Structure formats: C-alpha cells, structure tokens
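Worksheet: the structure to be examined is printed underneath.
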Amino acid sequence: MSKRVGLEISLAIAEAVKLADTDMIAAYPITPQTHIVERLAEMVAEGELKAAYINAESEHSAISLCVGSSIAGARTFTATSAQGLALMHEIMYITAALRLPIVMVVVNRAMSGPLSIWGDHSDVMGERDTGWIQLFAQNGQEAFDMTLQAFRIAEDHRVLLPVIVNIDGFTLSHVIEPIEILDQTELNKFMRTFKPKYPLDPRRPLTFGAFAIPEYYMEAKKQVEQAIFSSKAVIEEVWQEFDKLYGRHYTPIESYKTEDAKILLLTLGGIGETAQTAVDEMREQGIKVGLLKLVMYRPFPIQELRDACKAAQTLVICERAMSIGGQGGPIGFEVRSAFYNHRTDLQIHDIILGLGGRDVKVDDFKVLVKHASEKKPKEYELIGVRE
Amino acid sequence: MNQEILDRLRMDDRFPHILCPGCGIGSAMNAMIRAIAESGLTNDDICIISGIGCSSRVPGYIDADTFHTLHGRAIPSATGVKLAHPDKEMIIIAGDGDLLAIGGNHFIHAARRNLDMTVILINNHNYGMTGGQYSPTTPQGKRAKTAPYGCVERAFDACEMGIGSGAVFVARSTTYHTPHLKGLIKQAMKKNGFALVEVISQCPTLYGRLNRMGDAVKMLEYFKENSITVSQVKEPKDAEGKIVIGVLHDIEAPEYYESYRKVCEHAQRR
C-alpha cells in the first residue's frame, strides 16, 4: 500500500529514483542538491537499490559518466544545481543529440556571481536550448511523481530524450511535506522495463558521437526538434495513465480559478503555491484574477498557453530569471512570441522577482495584480529591488 | 606581533567567521598570516586566491587583494593574476575537493608549468561545505555522506601528485604543528616556482564525526601522535600509517614566467 509520510522533498526524490529501479547514479556534491544523492548513496550501500553509485570528480564528469552508462543501456540518474549544471552545459547538448533518456533533478539555485546558494531559475534557463525535456514541480508530491514520470517519458521509444525535473532550491528541496510514496507493487503498474533502443553491444557494434558535415548537421538537429515536439503527446499520455492509476492529474499548464479571470498570473515552480494563496485572497475581495502554472517548459506548450489566456485581458508573468541585456526574462520572450501574429490585445507584463533566494510573498502577487490592472505594461520590470 | 596579525584581518566587518567550532582552517590561516608577516611582506605585496569550499572562505577575512573564484578554478585565476602582476606573491588556499577533484587538472598542469605561486592545500579529507561527501583524499574505508559504509576509492596523496606533476617545492604539516607549518609556508613563498604545502586538518563536524574520531582536540592529538618528520623515515615501512611532515621535495627548475621572458627576448633579438 502507498503511504503518506512526512518527508524532506530531496529524500522523496531519492525514494522515487529507488522505486524506478535506477541502474546508475553519478553526481558531484553541490548545495542544495546533495541530500538527494547522499540518500541514494545510502540506499545503494544498504542494498535497498541495486545500482552503481559514483561520486564523480566534477559535474562535467558526472554527466559524462551518465552519458556512458546510458549508452550502455543502463537507467541513469543524476542531480545538480547552478554552477554544477553550468559545468555540464557542454554535454547537455550532446545528451539530447545522442537521444539518451537520462533523468536529472535540477535543484534550482542562482548562478554566481555574486556567489549565492539560494534559489532562482537562472541555472536551468541556460539549458533551455539544449533539447532536454523540462518539467517544473511546485511541491514535494509533484517532485516525487515527476521523477517517476520522467523515466517513462524519457525512455519511451517515441521520445528518447533526457528529462530535467526542476525543483526550487531550499524552499522545496529542504522542506518536509506530507508526500504519498507509492509502493513498489502499485508502481509496477506504471513503470516499464527500460529497453534501450540502440545500446552498445559487442554483437551489434555501433558508433556514437559521429561527425556531421554541413550536409547532415541540420537534419540531425531537426530530428531532435521533432522528437521534443512529438514528446508532448507522450507526456500527456503518461500523465493520463498516472492520473488513472493514482488519481493525480498533470497538465502542461495548470489553471487555477481562470474561468472568468480578466487578469492571469503565470508562475513556474514553488512560487505557484504562494500565488495560489494570493489568488484565493483576491477572489474573496471580488478581484477576477486567476493563475497559470507552467509545468511543462520544454517542449513549450504554445497552444495550451494561447487557449488558457483566451478570455483574459492581462497576463502577468512572474519569473525568477533574467536575460541580462535582453528584453526581460526568458519566459517573457517565449510568451510574447506565442502571442505575436496571434493576438495583439493581451497586455503582457514581464515581472522578474525572487532572484538569488529573495523571498516572494503572497502580498507581492496582490501588488502585481493591482499594478497590472492600473498600468500599461513596460518591456519588463524587476520588483523588490532597493534603489 | 599579535596586533600586527589582527591588523592584517578584516576584523571590523568580516568576523565572526563562518567556520565550525574546532575547525582546523583557522589554525592554517593563522600560520599563513604569520608566515606572510615574518617574510616581511605587506598585505599589498600579496594576492590570495581561492575556489569554493570551507577553506576558500579564508581570503575574505584578510585585508589584502583577494579573489574568491569558482569551485576548482583558483589556480587558473591565480595564473591570470600572476601573469598580469608578476611582482605579487601569489598564494592559493584550497581544500582537497576543490584542488584535487574538480580542479585537479589545473593543479597538475600548474605544477608542470612551474609558475611562481604557493598553494596551501587544507586537506580535511571530505567536502565540508556541502555536508561531508567523500573527496579524492578520503582514505579508503573511511566514511562520508556519500560513502556511509566506507569509501571504496583509493585516496590521492596530494604531495606525491605534486612531485609527480613537477612542483619544485612540496611540504606537509598539520594543524597541530602550527609553528612548523608557518616555517614551511615561509619556505614555499620564498621558492621561485610552483610550491605546495599540504596541511592535514581536522573537520570534527563532518569527517571526524562520521568516522568517530572524537572532537577537535582528539583529532589534533591524533595528528600529534601519528606524525613523523621526513628525517625520521629511514625506510618506507617507517611511514606506513603515519603522516610524514616536513619538506618532501625541493628542487630547482626554470620558472615559467622567467623562461617565457627569455624566449621572448631571444625571439626579439633575431
């Protein structure tokens, strides 16, 4: 039987990796990701999880080890944060291009400098063009569920792409929440045996990482692009099956009280729950506001976003990353592009907040909604910054 | 003397420090500052560079030009500073994970290149700042957060690695032998070329606790009782299970910047 337990979210993720019967785990220590891999090290040593575990000499090595084990046909997991993810950057593209179904939990943390160990999404936004599927969890249950779902999605032969599950550093990773941990028998209804499509095998020699001349490079990229866009249907299929088995519903964009909303907030990750509280309180005051939570960031759910905003007049994007020297934040670019040539009357405010662990409070969303209902949008705005 | 030491620190705004009670890094930092002072160097003559980790927090406490770089990147950053300011005494302070794992490649290549710098490696046998995972110097069989039943990997001997990579001066001491350590750092700074001083240090909060080694005092007593000097080692078996302290390697080899200047001068004479 599944049981609902109070568990630190990092440890719940380790449980999910164990339940998924992962074969190989490689990681390098970095705050705030370490609790996940420390717990996994313990599980491997104690025989709870039959897997290979290695503390690599850097994140560059950790992800390279993962590439190797995945090519050899092993179910592979890693986790990292911030600088660690940036150090993996070179191999991130290769992982997607080689179509390796590696699962990684990124415990989101601000990029240095200044040196910060606290949360924002600046780390993972650097990986947006790599070809990895990206999901954002807003609480412990989602983090646990998505880690399991990630293996199903990644390893589906119609997909074969690596998946990142994002969780906010500290505000999620180090928080204890009640989480329903599925038991193995129940989970076995959902999980599949990993059948690598092209594993290294001496009886059937293959080469990986081949050179592509200009006559082939674009076709190879096009294949990754097609794979990630067609993965959307598979992700939704996996989510429907998960819902049917365990009663938890996932969608590319989660809508909250949006039916008659004139103003919509858009969030990623843990601040979604804070925004939800703000929406409840504003609704009590009669303000017609709703909330969209972007769960699937890659592939970007363009049509779902357009549909979700159909009845709204104003959209307030609340994002924890910034493209310095650009036109605001990466989500802002993408959302505005989704409406360009499609709809010109939607007022889009791109708000950058909560960088480097700066607290985002319920009242912040109320101020944003008030502000957005009174003023025309600027290109973008940073809020909560001292002059 | 003590006032002079205090004057070299940023007592007004950076203290109290972040190190755990009983940590050995303070002792190593103390020895380093005394070595700098006794060498007749002012804080303007030096530049202290670190990566990321517990020991990498040291430069921030010193009232000199200091640079807290990225994890593993102290040596390449110091190389850049040294090439721009060849007259400055370059001191790198790093932990075992920082210098030998993620920055291991930089370490061996800097030693090979032999640019004049002093590397103080504070070896506490684990990654302290991230919570006690095993590092490249965790002895085989010892516990760490990612090796809860003992580390299966063999540990690096940082000094042997330095010698093998071409360092011209290699020495080792412990946080128990602080006057001895100070003397080694002075020698290392005086040496023209890549000099390494390994400081065996205690981490009672993590490595010590995970391996039931007692508190900081117990760990220091262990260093005291298990250290032997280089001259006491008559044959290899004398060193077994011991911390060999003193100057392990001291040779002469062309320093990088000087060699490079000579090549340029030669090329320009043609």
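If you're wondering where the values come from, they're calculated on a predicted model, not measured in any experiment. In the text below, chain A, chain B and the rest are named by the order of the sequence lines, each starting its count at 1.
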Turns out that what part of B/Y134 lies under 4.5 Å from chain A's heavy atoms comes down to both
Nearest 0.5 Å, what's the [atom1]-[atom2] distance between [X] and [Y]?
X      : Y      : atom1 : atom2 : value
A/H35  : B/T130 : NE2   : OG1   : 9.5 Å
B/I102 : A/I30  : CD1   : CD1   : 7.5 Å
B/Y127 : A/T34  : OH    : OG1   : 12.0 Å

Crowding at NE2, B/H85 (>12 non-hydrogen neighbours, <6.0 Å): no
Counting only heavy atoms from other residues, nucleotides and ligands, does the tally under 6.0 Å from OH of B/Y61 exceed 12? yes
Assert top hit (heavy-atom pairs under 4.5 Å, partner chain B, pool A/L87, A/N55, A/V37) equals A/N55
Expected contact set for residues 5-29 of chain A against chain B at heavy-atom separation under 4.5 Å reads A/Y28, A/P29
Examine whether an atom of [X] lies under 4.5 Å from a heavy atom of chain B, and if so say whether it belongs to the side chain, the backbone or both; otherwise answer neither.
X      : answer
A/I117 : neither
A/L40  : neither
A/Q83  : side chain

pair B/L100-A/E57: side-chain heavy atoms closer than 4.5 Å: no
